[in-house]
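Chain letters run A, B, ... following the sequence lines, proteins first, then strands; residues in each count from 1.
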Number of protein chains: 2
Amino acid sequence: MADPVPLDLATLRRSCGHCSLRELCLPAGIGVNDLARLDEVVRRRRPLRRDERLFHHGDALSSIYVARNGAFKTVSLSEGGDERVVGFHLPGELMGLDALAGEGHRCEAVALDPAEVCEVPVDELAAVAAQLPGLQRQLMRVIGQSISLDRDHAEMLSRRHANERIALFLHGLGERLAHIGGSALQFRLAMSREDIASYLGLAIETVSRGFTRLQDDGVIAVAGRQVEVLDPVELARLAHGGEPQQPQPQQRRA
Amino acid sequence: MADPVPLDLATLRRSCGHCSLRELCLPAGIGVNDLARLDEVVRRRRPLRRDERLFHHGDALSSIYVARNGAFKTVSLSEGGDERVVGFHLPGELMGLDALAGEGHRCEAVALDPAEVCEVPVDELAAVAAQLPGLQRQLMRVIGQSISLDRDHAEMLSRRHANERIALFLHGLGERLAHIGGSALQFRLAMSREDIASYLGLAIETVSRGFTRLQDDGVIAVAGRQVEVLDPVELARLAHGGEPQQPQPQQRRA
DNA sequence: CGTGACATTGAAATGCGTCAAGATGAGTGG
DNA sequence: CCACTCATCTTGACGCATTTCAATGTCACG
């Protein structure tokens, strides 16, 4: 495909039909003809820089957004002016759904890395979805997945012990990365310890100690934001409420 | 109820157009003609007894449900077999949306009181919504509201202090009751302390102490499940992270 | 080589969970 | 009407996990 016109090529490559996320995102299960209809509605926004905001608290709902590259966090602003992380969003995951209630956005979406998003105007999406049953169904599915992620978050937060929350966080993040074609066992955290602490409802020091503890127990190897899962089985066990394995202090001989 | 033609009258009274929730629920903003289309889809289930379940964990998605009378809780079952309350549902609020992701229901809905629900088969709802833009829009709104409630729950759980969570819980519950025409200042809790504790990620004793503390501080009067908010301003302050007012130990005679 | 943001580690204070006992209230049967 | 029981709720005392405060360490970048 040596296309002489670079713009066309770029547009083509960025269409839903050629997107690596097409099986996970809105296009999933839609025929090629209908795909063109969807493509007309989706706007590819220019890349965002780190810390750039996709929408702000109080903004009226105009579009929903799908992370395409990079990672995002959504934060809600409490009265004190401090931010509280309510979600992390990997490629293929939706942002902005809280505004569907009609009161405007209740949170802000912030790029954690250089990132790209697809912007989907809700009115146009609704109009197209009404005509394409496949799209309507898939829209409901991705909304349901977003709700599921919120539930996972709530489940994390209702765990009493800090170490369980942390294990669950790492475990869940690994699974989400695997789902989009990454490795569940080796990845880089896009978010700071502070973001993680806020997301988990813990003090930042507690998160740090939790990571250290997991490393000492031989479950993970962590260096800054780089994480490697050494014992996925044990991590899953901890994430689901199991007690730490005392008998196995790997490579820790007194 | 010595009604000569019970079925017809009952059916009429129970139609969406005559429901007291019509301005909050799916019918909101829909014309009378279109309303009939919606009515054909909605099934009114027989009343549920206390502790009766609306759907079970793992059930495939067939319908979503709207609380009509009474109150519900949704619980997720952890590995240990113990339940964790993930939400409370008042009249007009949706249940079952977590199954939209396509993996079946992740939780169970349980009636806290004698209750009634409307059952809406999702396939039929989708078909009708595709034809009625007003319904489609309103469907998105109520889904958005459901997501907002999940966010409120997560916000509660991420509060560090037990008293903040409790204050936020009572404050939010009052607002929701006011929204459906009840009193925000005087109400009866449909759920047990145990349910509240599970919902807030606290021990039951901590919830009890929190209630007592709020009563001692003159913010509420609580007797079993009956709650009266004496100082709504202070309750709101506490809910939003304010420190307890020391200088005002109301009616505290040694 | 500084400087500042971010992360880790230590020591101390405390708020919450746990265990245990007591109180309350609803339902039942004498 | 009272005595009994069971479920639910409240209260107290204690230990411990987590927060808080403070110091140190690490890395990127000017």
**Asked** Does one side chain, of A:His57 or A:Ser76, offer a donor that lies under 3.5 Å from an acceptor on the other?
**Response** no
**Asked** Please give, in whole Å, the distance from C:dT8 C1' to A:Leu214 CG?
**Response** 15 Å
**Item:** For atom CD of B:Gln226 and atom P of C:dA26, their distance in whole Å
**Value:** 12 Å
**Prompt:** Looking at A:Ser208, does any N or O in its side chain come under 4.0 Å of the phosphate oxygens OP1/OP2 on C:dT9?
**Reply:** no
At a cut-off of 3.5 Å, list every protein nitrogen or oxygen paired with a nitrogen or oxygen from nucleotides 15-21 of chain C, distance to 0.1 Å.
| unit_1 | atom_1 | unit_2 | atom_2 | d |
| --- | --- | --- | --- | --- |
| C:dC16 | OP1 | B:Ala162 | N | 2.7 |
| C:dG17 | OP1 | B:Ala203 | N | 3.4 |
| C:dG17 | OP2 | B:Ala203 | N | 3.3 |
| C:dG17 | OP2 | B:Thr206 | OG1 | 2.3 |
| C:dT18 | OP2 | A:Arg160 | NH1 | 3.4 |
| C:dT18 | O4 | B:Arg209 | NH2 | 3.0 |
| C:dC19 | N4 | B:Glu205 | OE2 | 3.1 |

**Prompt:** OP1 or OP2 of C:dA7 sitting under 4.0 Å from any side-chain N/O of A:Arg225?
**Reply:** yes
**B:Arg193 CZ to C:dA23 P, straight-line distance once rounded to whole Å** = 18 Å
**Item:** A:Glu116, CD atom: more than 12 neighbouring heavy atoms under 6.0 Å
**Value:** yes
**Request:** Give the rounded distance in Å between these two atoms: CD of B:Glu194 and P of D:dT10.
**Result:** 13 Å
**Fill in**
Rounded to whole Å, the CZ-C1' distance (B:Arg188 to C:dA26) equals 13 Å
**Request:** Take atom CD1 of A:Ile196 and atom P of C:dA7, then tell me their distance rounded to the nearest Å.
**Result:** 8 Å
**Asked** For A:Glu155, which of A:His153, A:Arg151, A:Arg159 qualifies under side chain to side chain donor-acceptor pair (under 3.5 Å)?
**Response** A:Arg159
**Request:** Could you tell me the separation between the CG atom of B:Leu168 and the NE2 atom of B:His240, rounded to the nearest 0.5 Å?
**Result:** 7.0 Å
**Prompt:** Run the side-chain contact (heavy atoms from CB on, under 4.5 Å) check on A:Glu234 and A:Val229 step by step: do they pass?
**Reply:** CA-CA 10 Å; A:Glu234 176 66 2; A:Val229 179; over 6 Å; no
**Message:** Rounding to an integer number of Å, can you tell me how far A:Phe211 CZ sits from D:dT18 P?
**Reply:** 15 Å
**Item:** Ring centre gap for B:Phe72 and B:Tyr65 strictly below 6.0 Å
**Value:** no
**Message:** Without decimals, in angstroms, what is the distance between B:Arg159 CZ and D:dT19 P?
**Reply:** 15 Å
